[in-house]
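Numbers restart at 1 for each chain; the letters A, B, ... are given by sequence-line order, proteins then strands.
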Amino acid sequence: MASIKMRAKITDGVTTLKVLISHPMDTGLQKDKKTGKKIPAHFIQEVVCKHKDTTIMTANWGPAISKNPYLSFNFKGAAAGDTINLSWVDNKGEKDSSDVVIK
Amino acid sequence: MTSMKRRLFLKGSLATGAVGIAVSTGLLTPRVSMAAWSKAAFEATDINGGLTALYGSSSMDKSDKIKIKAPDIAENGAVVPVSVTTSIDGVSSISLFADKNALPLTADFKLGPGTEGYVSTRIKMGKTANVIAVVKAGDKLFSSSKEVKVTIGGCGG
């Protein structure tokens with residue numbers, strides 16, 4: 001599942017990471033319009049971002065993050081050419097992981 | 001075994017008892033992580049409950065060093081872009097709450113070494129509410145809020 005689109009760019013020693021993940025992020029409150037049944041909750045709970053085995057950011061998410069989540073943050077201490085790894089796990093145990101090279 | 005675990009997890013997520021919590025939290029930490037997903041915090045129905053479950057305390061100071069960038073009026077509550085920037089030193093986490101949502105805690109970002117006090121994401125909002133950013137620096141909690149008017153809610157249907 002290539003569910004992660006990610007870009008990392010370094011400017012003046014600060015790396016900006018921008019991430020888009022394709023995921024339904026169902027809250028568990030919404031109803032299926034055809035059947036009238038509730039769509040079960042299905043959302044990403046944890047996103048972990050690593051640079052050289054150091055965890056630089058862990059995001060714990062609830063169902064109130066929008067569908068196809070977007071995430072961006074900055075950090076220092078990396079260099080162009082380094083690899084950033086990002087992985088997520090959802091409430092059904094599904095997961096994905098992806099690497100990106102800092103430009 | 002995987003499918004078995006999934007069964008157990010689904011049961012766990014439905015149950016409200018302590019057993020359900022134990023089962024799901026046990027399964028939700030497939031690897032060593034800095035912080036396990038806090039079921040109690042994300043299922044809390046008010047901000048104080050969420051804060052207490054997340055940080056063990058709900059006392060916080062208002063701070064003007066936290067800037068929330070969000071639209072004044074969000075036409076679609078399903079996608080509200082929110083950015084939080086803070087100039088407080090030693091920030092270890094940033095949490096986002098939407099105070100009128102059924103489950104106010106939307107996200108909790110644990111910032112590790114080298115990160116700057118900035119996160120940006122998109123959240124869902126049920127109705128017009130205050131977006132509250134809570135920043136943890138050292139042992140103290142700081143907060144700031146911004147009202148976002150929502151014309152079409154995005155939490156259910």
Side-chain angles (χ1 to χ4, degrees), chain A residues 13-21 25-33 36 38-78 87-95 97, chain B residues 2 5-6 9-10 13-14 24 27-39 41-43 50 54 76-81 83 85 93-98 101-126 154-157:
Chain A
V14 179
T15 307
T16 303
L17 194 71
K18 290 180 180 173
V19 188
L20 263 176
I21 305 171
M25 297 301 281
D26 289 319
T27 57
L29 306 171
Q30 202 164 15
K31 281 182 182 165
D32 188 316
K33 279 177 186 145
K38 277 192 177 178
I39 300 168
H42 187 196
F43 57 94
I44 294 174
Q45 288 186 314
E46 191 180 59
V47 182
V48 178
C49 188
K50 287 181 178 176
H51 167 242
K52 290 181 179 168
D53 296 330
T54 309
T55 304
I56 43 178
M57 201 268 326
T58 308
N60 292 306
W61 283 352
I65 294 289
S66 300
K67 181 179 175 180
N68 299 334
Y70 166 77
L71 166 71
S72 172
F73 65 97
N74 299 333
F75 73 101
K76 285 179 185 167
S87 58
W88 59 259
V89 183
D90 70 18
N91 66 329
K92 292 184 177 173
E94 290 169 17
K95 53 184 142 187
S97 156
Chain B
T2 318
K5 277 188 174 175
R6 198 172 280 180
F9 171 69
L10 285 174
S13 64
L14 291 172
S24 53
L27 285 173
L28 286 170
T29 48
R31 69 193 114 76
V32 181
S33 61
M34 281 166 73
W37 195 78
S38 168
K39 189 180 168 72
F42 279 98
E43 291 196 344
L54 205 57
N76 182 357
V79 185
V80 183
S83 300
T85 314
S93 82
I94 297 176
S95 316
L96 280 175
F97 295 83
N101 278 8
L103 307 172
L105 179 59
T106 57
D108 170 39
F109 299 91
K110 301 263 181 264
L111 301 176
T115 44
E116 299 195 324
Y118 165 79
V119 286
S120 174
T121 188
R122 298 190 296 216
I123 66 170
K124 292 176 200 162
M125 292 180 70
C155 271

Student: Quick one: what part of A:Leu17 sits under 4.5 Å from any heavy atom of chain B, side chain, backbone, both or neither?
Tutor: neither

Student: Could you report the tightest heavy-atom contact between B:Pro113 and A:Thr54, atom names first, then the distance?
Tutor: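 Looking at all heavy atoms of both residues, the closest pair is CG-CG2, 3.7 Å.
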
Student: Considering all heavy atoms of both residues, which atom of B:Lys124 and which atom of A:Pro63 are nearest to each other, and what is their separation?
Tutor: NZ-O, 3.1 Å

Student: Just verifying a value: how many Å separate B:Glu116 CD and A:Thr16 OG1, rounded to the nearest 0.5 Å?
Tutor: 8.0 Å

Student: How long is the straight-line distance from CZ of B:Arg122 back to CG of A:Asn68, given to the nearest 0.5 Å?
Tutor: 7.5 Å

Student: Does any part of the side chain of A:Phe73, heavy atoms only, come nearer than 4.5 Å to the side chain of B:Ser120, both counted from C-beta?
Tutor: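 They are not in contact (no side-chain heavy atoms under 4.5 Å apart), so the answer is no.
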
Student: For the residue pair A:Ser66 and B:Ala78, what are the closest heavy atoms and their distance?
Tutor: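 Closest approach of A:Ser66 to B:Ala78, heavy atoms only: OG-O, 2.7 Å.
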
Student: Is any side-chain heavy atom of A:Asn60 closer than 4.5 Å to one of B:Phe109?
Tutor: no

Student: In terms of heavy-atom pairs under 4.5 Å, which option from B:Ile94, B:Ile123, B:Leu103, B:Val79 contacts chain A the most?
Tutor: B:Ile123

Student: How many angstroms lie between NZ in B:Lys110 and CE in A:Met57, if you round to the nearest 0.5 Å?
Tutor: 11.5 Å

Student: Taking it one step at a time, do B:Tyr118 and A:Phe75 satisfy side-chain contact (heavy atoms from CB on, under 4.5 Å)?
Tutor: CA-CA 9 Å; B:Tyr118 165 79; A:Phe75 73 101; over 6 Å; no

Student: Do B:Thr121 and A:Ile65 come within less than 4.5 Å of each other through their side chains, counting heavy atoms only?
Tutor: yes

Student: Identify which part of A:Lys18 has an atom lying under 4.5 Å from any heavy atom of chain B, answering side chain, backbone, both or neither.
Tutor: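 For A:Lys18, there is no contact with chain B at all, as no heavy atom is under 4.5 Å.
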
Student: So which residue, A:Pro69, A:Ala78, A:Gly62, ends up with the most heavy-atom pairs under 4.5 Å with chain B?
Tutor: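 Highest number of pairs under 4.5 Å: A:Gly62.
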
Student: Quick one: which of A:Pro40, A:Ser72, A:Ala59 has the most heavy-atom pairs under 4.5 Å with chain B, could you say?
Tutor: A:Ser72

Student: Answer with side chain, backbone, both or neither: which region of A:Val47 has an atom nearer than 4.5 Å to a non-hydrogen atom of chain B?
Tutor: neither

Student: If I take atom SG from residue A:Cys49 and atom CG from residue B:Leu111, how far apart are they, to the nearest 0.5 angstrom?
Tutor: 11.0 Å

